[in-house]
Structures are given as C-alpha cells and as structure tokens.
There are 2 protein chains.
Amino acid sequence: MSVPKDEGQGNGAAPRWRRRKDARPDEIVEAALEVFARRGFAAARLEDVAARAGISKGTLYLYFPNKEELFKAAVRTAIVPGIAAGERLAADPATPSLEVLRSIVGGIAARMMTSPAGVIPKLMIAEAGNFPELARFYFDEVIRRGFALLSSVLEHGIARGEFRPVPVAATVRLVIAPVLLMAVWRTSFEAVEGKPQDVDGIVAAHLDAMGRSLAPDGAERRPASGGAARTRAGGDPP
Amino acid sequence: MSVPKDEGQGNGAAPRWRRRKDARPDEIVEAALEVFARRGFAAARLEDVAARAGISKGTLYLYFPNKEELFKAAVRTAIVPGIAAGERLAADPATPSLEVLRSIVGGIAARMMTSPAGVIPKLMIAEAGNFPELARFYFDEVIRRGFALLSSVLEHGIARGEFRPVPVAATVRLVIAPVLLMAVWRTSFEAVEGKPQDVDGIVAAHLDAMGRSLAPDGAERRPASGGAARTRAGGDPP
DNA sequence: TGTTAATAACTGACTGGTCAGTTATAAAAG
DNA sequence: CTTTTATAACTGACCAGTCAGTTATTAACA
C-alpha cells in the first residue's frame, strides 16, 4: 500500500551502494578492531562497526554470524602475524639467546605501542571473565603459543650456558609482564596521566634488568648489546 | 485505580524489614565488591548487589547516589588499607631497602591473590577507557600513591648505595608489573587454564631477579634474604 | 545492442530483552 | 501522627540479532 516513492538518486549517477562481496570482510574486520579497541567487546556497538565500514548493520550479519565471531576474526588478524614473526626470530640458531629474547621483547613492545593490536591484551583482560568462550579462544591461539615461544628461547639459552638455570615458567611471566603493563597503560591510563609513557626508557631498563638477572653466576659484566647480532627486529625509530 | 490489595503478612510476626541505617553501608559495599569483582563495572547489576546485601534496589539508592559512587566506595574500602600498610613498611629507616622492597612486593602479591581487592586492577584496566572519571579517581587515589611509595624506596636505596643507579620511574613499573600480571591472570585466565598459577614460585623468581638487577655493579652475590630484617610483612602461608 | 528476468547484496525498521535510576506507597520507629 | 526507612512497580534508553523489502548486477534472450 501507499505510493512506492521513487525519489532518491533520480537524476545523477552515484548508486546508493555497490556490491563488493570480496572486499567487505577485511574492511569489516578493520572497522571492528577500531571499535572494539575503543569500547571493549561488550560495549562495542555493531552499528558503529557497520557505519565505520560503510555498510548497514544487516550487511554485517551476511559476513559474520555474530559479534563473537567477528571479534575472533579481528583478533586473529591483529595478533597472529606478530607471533609468527617472533617464531621466525627464534628459529635462527646462530643468534645468541639473549639477543633473541631482546629482539622478541623489543618487537612485541613496538607492535603493542603502535599497531591496533596493542589494545587486544587489555581487551581480553577486560572481557575474559564475562565471555569464557572468548577467553578460551585467546588462551589457545595467542597465550599458549607466546608462552611456548619464550619458554623455548629460555630453555635453549640455559642449555647452552648463556643463561643461569632460572625457573622457566615463572621467568616467562617476568619477561612479558612489563610489556603487557605498557600496552595496558596505553589504553587505560595514558590519557588520564596526560603525558605519554617513556616506552624506550622502560624497554631499555627491562632489557638491561633481564640481561643482569639471567647472566650465569660466574659471568663478568657483558656490554649492553654491541652491534654484533642485530638482525632485523621490531622497529628502530629515529 | 483497582483495589489496594492489603494481603501479605497479615497474621504472623516477622516484620518485612527492619531499620538498620548504620549497618547498611558496609554491607552494601561488601556486596558491591563481590559483584563488581565477578562481572566488572558496566556489567554488574545493581539488583544483584542489592539482593546480596539483603535489600531492594531502591534502598541502595538511599545510601549511594549512583553506581559510580558505589564503585568508588568499594575501591576505597578494598585498596586504601593496603597502601597504608606499604607506607608503614617503608617508614622504618633501619630496614635495608631491598628488604623493604621485598616486603612490599610480597605483601601486595599476597593481598592480590587472597583478598577481594585482587580484582580491582583488572576491573580498572577493563573500565578505564569507558569511564574516564573512574579512571581519574583510581589514578589519583591508588596509582599515584603506589608509584610514589615505590619510587621513594628505590631512591632511598640508590642514595645509600644499596642499589645501582637505575632509572627510577621505569624501574617502578618493572617492579610492579609481574604482580599485576598475576592479579589479572587470576581473574581472567586461571579458570581457562585449569590449574592455579604458581604464585610463590613467581614471586620468588621475581624477588630473586630484582635483587640481581638492582645490585650495585661491584657487589659480590649476596644471600637471598637471611633471617635478619624480616619484619611483619604480607602473609606467611604454611 | 537494448530489454527483461533472476538473484545476490544490501538496507533499516523492528523485536525482545536488559538494566540504571525514579517514584508512589506503606510499614516501622519515635 | 509525623518522620524515617524501605519496597516494588515503573520508565526510558540501549542494543544484538532478525527479516521483509529494496537495489545493483548479471545472464539470458530478443
């Protein structure tokens, strides 16, 4: 009933939308990452995600069955390449273990502070309790792999006598904790404090402390890092 | 309109409620802490808080003007005594700085893993972005004080030659990061992993690493802790 | 080459459910 | 019989997920 109003684009060209089946998923994931980053999982509005991706909410559901799957896709896109990069670094047997550890920590820190991926840890911490399935997903796909990577570097270093025999599982947490704290701080309190955190200073202090506390008991002090084994690592800002 | 139905407690004794103006606030705060702990700030339902405190939702608003103020009250109750305890520990000039640091870190770790206060950091990390006023409150009342406390211990130790001259602001973060990670892990992923984290092992590894990385450059290795200056500290479980 | 039929892509109004905060009412206390 | 303390029903706002209908694109046919 009622007149089918045909007004709209009547005169010109520009269609109201275009069919873009192939390009959509990536665009949606990118938009989702931004919105999830800003608001968290529960508080993110799918209408915002859709708007940012230039589509309507309904269209979103043509590509992802629900909010949770969209979130998983966003996490995978943001995190997996980073872990893979770390695994590549660790694979070179010629690099001293301490250098590998430094490259990995530095690389993670760089990613955390620049890419959108940096918000993921905060996000998972925030929502793990209320969304156990997401927690399990993140635990399986990110945490387990990351811990395995760092554990293997530590074990390797101990076996070669480059590190003193530390308790590996505990030490992995000590290694990663400051980096996570920086990432979390960035999204939670940096704005409140008003000044940016001294990322380079913190990373440097952490690498220094790691070197000292991992050094075998009889070792003389070894220079901070030299220019020797500096392979391609995270990033080297001017 | 319609009949004012007067049925109800007609016959028996037991009054529907009793006047308890004085006892209420604490009971409500305690209930609130539990609910906030389980669900976070945004997802916590005030109806649950009321139910747990044995009152109705409306009654809650007789004691607290809104959700945010209730949350602040809960945080104050849970956190402030802990910081005060740390400040007392640091006030004794006879205790070696490393011992003070160890006591504080051990004390915080013990609190984090046993009391309901342990959920607060996760909570604030989760909600700071969406509730800036809460973030500011927490930053001012907790973070600033805690950082000041640890900074003073480090500076004191450096001045007395007990620590090498580390960058203080960065080192404070390194000191606190593993403890926060433990607290966050407890509420976010412990259930997912299925096994409890090795708190004692992690704390021990951290204290050990701290001792090594803070030691003045020329110092010989000093024994882990001795029995010397062990004042009243956090807790000593069997 | 132009016309039309078929369909895949897309839209946005709607539903059902949740929850912070309000208020009319009434029981206890004094 | 007035004041204080409490209740429970109510309001208004929000949002994930659905679906009936609309539009761009493609294929078939003339």
Side-chain angles (χ1 to χ4, degrees), chain A residues 1-10 12-25 27-28 31-32 35-36 38-71 127 130-131 133-134, chain B residues 1-25 27-28 31-32 35-36 38-72 127 130-131 133-134:
Chain A
M1 61 212 65
S2 88
V3 249
K5 33 184 170 171
D6 235 57
E7 44 115 56
Q9 80 297 357
R16 275 212 294 147
W17 44 265
R18 220 176 289 262
R19 298 169 83 177
R20 311 230 339 280
K21 188 178 170 43
D22 309 332
R24 294 289 190 222
E27 293 173 3
I28 295 173
V35 176
F36 284 136
R38 241 182 272 284
R39 314 255 276 136
F41 177 75
R45 299 169 54 221
L46 291 189
E47 226 146 3
D48 287 350
V49 174
R52 203 174 272 265
I55 57 173
S56 74
K57 191 161 63 139
T59 303
L60 211 155
Y61 280 88
L62 299 176
Y63 293 95
F64 298 92
N66 54 47
K67 205 182 185 183
E68 233 167 78
E69 289 303 321
L70 175 58
F71 181 80
E127 315 282 4
N130 289 331
F131 301 90
E133 197 200 312
L134 286 187
Chain B
M1 59 209 69
S2 87
V3 250
K5 33 183 169 174
D6 234 57
E7 43 114 60
Q9 79 301 354
N11 47 355
R16 273 209 297 149
W17 41 264
R18 217 176 290 262
R19 202 186 152 192
R20 315 236 331 285
K21 187 178 168 44
D22 310 332
R24 294 283 192 229
E27 293 173 2
I28 296 173
V35 176
F36 283 135
R38 241 181 273 285
R39 314 256 275 135
F41 177 75
R45 298 170 54 222
L46 290 189
E47 226 147 4
D48 287 350
V49 174
R52 203 174 272 265
I55 58 174
S56 74
K57 189 164 66 143
T59 304
L60 211 155
Y61 280 89
L62 299 176
Y63 293 96
F64 298 91
N66 55 46
K67 204 181 186 183
E68 234 167 75
E69 289 304 319
L70 175 58
F71 181 79
K72 288 184 190 174
E127 314 283 4
N130 289 331
F131 301 91
E133 198 200 311
L134 286 188

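Please read all numbers here as calculations on a predicted model, not as lab measurements.
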Practice problem: Give the rounded distance in Å between these two atoms: CD of A:E27 and P of C:dA9. | Solution: 15 Å
Quiz item: Below 4.0 angstrom from OP1 or OP2 of D:dT7, is there any side-chain N or O of B:S56?
Solution: yes
Practice problem: Could you tell me whether the side chain of A:L134 reaches within less than 4.5 Å of the side chain of A:E68, counting heavy atoms only? | Solution: yes
Quiz item: Hey, does A:A44 reach any base, or is it just sugar-phosphate, or nothing, if we go heavy atoms under 4.0 Å?
Solution: sugar-phosphate
Quiz item: Hey, is the side chain of B:Y63 poking within less than 4.0 Å of OP1 or OP2 on D:dT5, counting only N and O atoms?
Solution: no
Quiz prompt | Atom pair CZ (B:R38) and CG (B:D48), whose distance is rounded to the nearest 0.5 Å | solution = 10.0 Å
Self-check item: Atom-to-atom span, CZ of B:F41 to C1' of C:dC19 - whole angstrom
Solution: 13 Å
Practice problem: Specify the closest pair of heavy atoms between A:R39 and B:N130, including all atoms of both residues, with the distance to one decimal. | Solution: O-ND2, 2.8 Å
Quiz item: Ignoring hydrogens and angles, does a donor from either the side chain of B:K57 or the base of C:dG21 sit under 3.5 Å from an acceptor on the other?
Solution: yes
Self-check item: d(CG, B:L60; P, C:dT22) in whole Å
Solution: 12 Å
Quiz item: Between D:dT18, C:dG21, C:dC19, which nucleotide gets closest to the side-chain atoms of B:N66?
Solution: C:dG21
Quiz item: With respect to the phosphate group of D:dT7, does any side-chain polar atom (N or O) of B:T59 fall under 4.0 Å of OP1 or OP2?
Solution: yes
Self-check item: Atom-to-atom span, CG of B:L70 to C1' of C:dG21 - whole angstrom
Solution: 13 Å
Quiz item: What's the CD1-P distance between B:I55 and D:dA8, to the nearest Å?
Solution: 12 Å
Quiz item: Between atom CG of A:L70 and atom CZ of A:F36, what is the distance when rounded to the nearest 0.5 Å?
Solution: 4.5 Å
Quiz item: Between the main-chain N or O of B:A42 and the side-chain N or O of B:E127, is there a donor-acceptor pair closer than 3.5 Å?
Solution: yes
Quiz prompt | Residue whose nearest DNA chain C nucleotide is more 5′ - B:L46 or A:E47 | solution = A:E47
Self-check item: Residue mapping more 5' on DNA chain D - nearest nucleotide basis, B:L62 or A:A42
Solution: B:L62
Practice problem: Among D:dA6, C:dG21, D:dC15, find the nucleotide with the atom closest to the side chain of B:K67. | Solution: C:dG21
Self-check item: Separation of atom CD in A:E68 from atom C1' in D:dG17, rounded to whole Å
Solution: 14 Å
Quiz item: Which of these nucleotides, D:dT18, C:dT22, D:dT7, is closest to any side-chain atom of B:Y61?
Solution: C:dT22
